[in-house]
Amino acid sequence: MRSYALWTAVTLCFAASLAAAAGAPSSARPTAAPAADTVRQEPRSPVIVDCFWHANVRPTDFMLACGDGNSRLTSLHWSKWSTGSASAEGVNVVNDCRPYCAAGKFHSYRVVVRLDRVKPWKKHPEVQHYSRITLEYQGDRPDGFARTVTYPLWD
């Protein structure tokens, strides 16, 4: 019953907004946009694509291990986000998976993050995205990790 009332309210609001738009004086109606060849388009910044296929610009958090969530970036502070690369400082939170991942503990490691290799996103070819991420650990790092690690990002 509650969902029916919500649906009715939404429908009534939509109908009222259509009526208001239809009844607006012609001077209040928007004019047509200029022809596409007269509008100068600024190049958009590349995006980083997350686990849910959402495009993000300068995210504060980013999941690296989409399947199990055992590695993520947090507290990202971006100093650069350009058409060729991006740089940030933040924290890589990684599960040690000892004795196994469900019983493991998460540890935090300071990192410098670099994004590069900009190319068209397969899902939306008109959108450019970073296709590679590099983490440079600033102090301690997870067991078995090199000081600098590079991963491809999904398309």
Side-chain angles (χ1 to χ4, degrees), residues 1-18 20-21 30 33 36 39-155:
M1 183 64 144
R2 182 177 172 163
S3 64
Y4 178 75
L6 178 62
W7 182 84
T8 302
V10 169
T11 303
L12 288 174
C13 288
F14 179 70
S17 67
L18 281 178
V39 177
R40 183 169 174 258
Q41 295 288 333
E42 294 295 323
R44 285 197 218 162
S45 293
V47 299
I48 184 170
V49 179
D50 68 16
C51 296
F52 300 104
W53 299 99
H54 297 135
N56 296 280
V57 175
R58 296 179 183 263
T60 55
D61 300 301
F62 186 77
M63 185 70 60
L64 289 171
C66 291
D68 57 15
N70 284 323
S71 180
R72 67 184 182 275
L73 298 171
T74 64
S75 305
L76 293 171
H77 298 282
W78 297 94
S79 57
K80 178 182 179 183
W81 193 280
S82 70
T83 57
S85 64
S87 302
E89 292 184 6
V91 177
N92 184 202
V93 181
V94 180
N95 188 347
D96 63 16
C97 291
R98 290 189 197 135
Y100 51 93
C101 291
K105 291 184 175 47
F106 283 89
H107 303 274
S108 299
Y109 305 95
R110 289 184 320 107
V111 290
V112 170
V113 178
R114 288 188 309 276
L115 304 174
D116 60 6
R117 291 207 178 156
V118 175
K119 64 182 189 177
W121 181 14
K122 286 182 182 176
K123 184 176 178 182
H124 297 285
E126 72 281 4
V127 176
Q128 298 289 309
H129 80 104
Y130 296 110
S131 66
R132 183 171 71 171
I133 188 168
T134 300
L135 307 179
E136 184 179 323
Y137 291 94
Q138 299 301 295
D140 291 341
R141 59 186 186 264
D143 290 343
F145 281 51
R147 174 90 34 220
T148 302
V149 293
T150 301
Y151 306 105
L153 291 170
W154 33 94
D155 286 319

[X] versus [Y], closest heavy-atom pair with distance:
{"X": "Ala65", "Y": "Asn70", "answer": "CB-N, 3.8 Å"}
{"X": "Val118", "Y": "Gly84", "answer": "CG2-O, 3.8 Å"}
{"X": "Tyr130", "Y": "Ser82", "answer": "OH-O, 2.6 Å"}
{"X": "Gly69", "Y": "Met63", "answer": "CA-SD, 3.5 Å"}
{"X": "Ala86", "Y": "Trp78", "answer": "CB-CZ3, 3.9 Å"}
{"X": "Pro120", "Y": "Pro125", "answer": "CB-O, 3.5 Å"}

Report the distance from atom [atom1] of [X] to atom [atom2] of [Y], rounding to the nearest 0.5 Å.
{"X": "Thr74", "Y": "Phe62", "atom1": "OG1", "atom2": "CZ", "result": "13.5 Å"}
{"X": "Arg72", "Y": "Cys51", "atom1": "CZ", "atom2": "SG", "result": "12.0 Å"}
{"X": "Arg110", "Y": "Arg141", "atom1": "CZ", "atom2": "CZ", "result": "13.5 Å"}
{"X": "Gln138", "Y": "Arg147", "atom1": "CD", "atom2": "CZ", "result": "8.0 Å"}
{"X": "Ser45", "Y": "Gln128", "atom1": "OG", "atom2": "CD", "result": "11.0 Å"}
{"X": "Leu64", "Y": "Leu135", "atom1": "CG", "atom2": "CG", "result": "6.0 Å"}

Using the six-membered ring wherever Trp is involved, compare the ring planes of Tyr137 and Phe145 and label them parallel, tilted or perpendicular (cut-offs 30° and 60°).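 Tyr137 and Phe145: perpendicular rings.
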
Main-chain N/O of [Y] paired with [X] side-chain donor or acceptor, under 3.5 Å:
{"X": "Asn56", "Y": "Pro59", "answer": "no"}
{"X": "Ser131", "Y": "Arg117", "answer": "yes"}
{"X": "Asn95", "Y": "Phe106", "answer": "no"}
{"X": "Trp81", "Y": "Pro46", "answer": "yes"}
{"X": "Trp154", "Y": "Val49", "answer": "yes"}

Kindly write out the residues that satisfy salt bridge (Lys or Arg N to Asp or Glu O under 4.0 Å) with Arg98, not counting sequence neighbours, or none if the list is empty.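 Result, salt bridge (Lys or Arg N to Asp or Glu O under 4.0 Å) vs Arg98: Asp143.
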
If we count only N and O atoms by modelled type, under 3.5 Å, do the side chains of [X] and [Y] hold a donor and an acceptor together?
{"X": "Thr150", "Y": "Thr134", "answer": "yes"}
{"X": "Asp155", "Y": "His129", "answer": "yes"}
{"X": "Ser71", "Y": "Asn92", "answer": "yes"}

Test item: Val112 and Glu89 side chains (from C-beta on) under 4.5 Å apart, heavy atoms: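 Side chain of Val112 against side chain of Glu89, heavy atoms only: contact under 4.5 Å found.
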
Close side-chain approach of Val111 to Leu73, heavy-atom, < 4.5 Å: yes

Could you please spell out the steps behind the side chain to side chain contact (heavy atoms under 4.5 Å, CB included) verdict for His107 and Val94? CA-CA 5 Å; His107 303 274; Val94 180; 5.8 Å; no

The single option from Lys80, Arg114, Arg132 that satisfies side-chain hydrogen bond (donor to acceptor under 3.5 Å, both in side chains) with Ser85 is Lys80

Pairing residues for Tyr109 by the ring-ring contact (aromatic ring centres under 6.0 Å, His included) criterion, not counting sequence neighbours: none

With a 6.0 Å cut-off (strictly less than), is the heavy-atom count around NZ of Lys123, excluding the residue itself, greater than 12?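 Yes, enclosed.
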
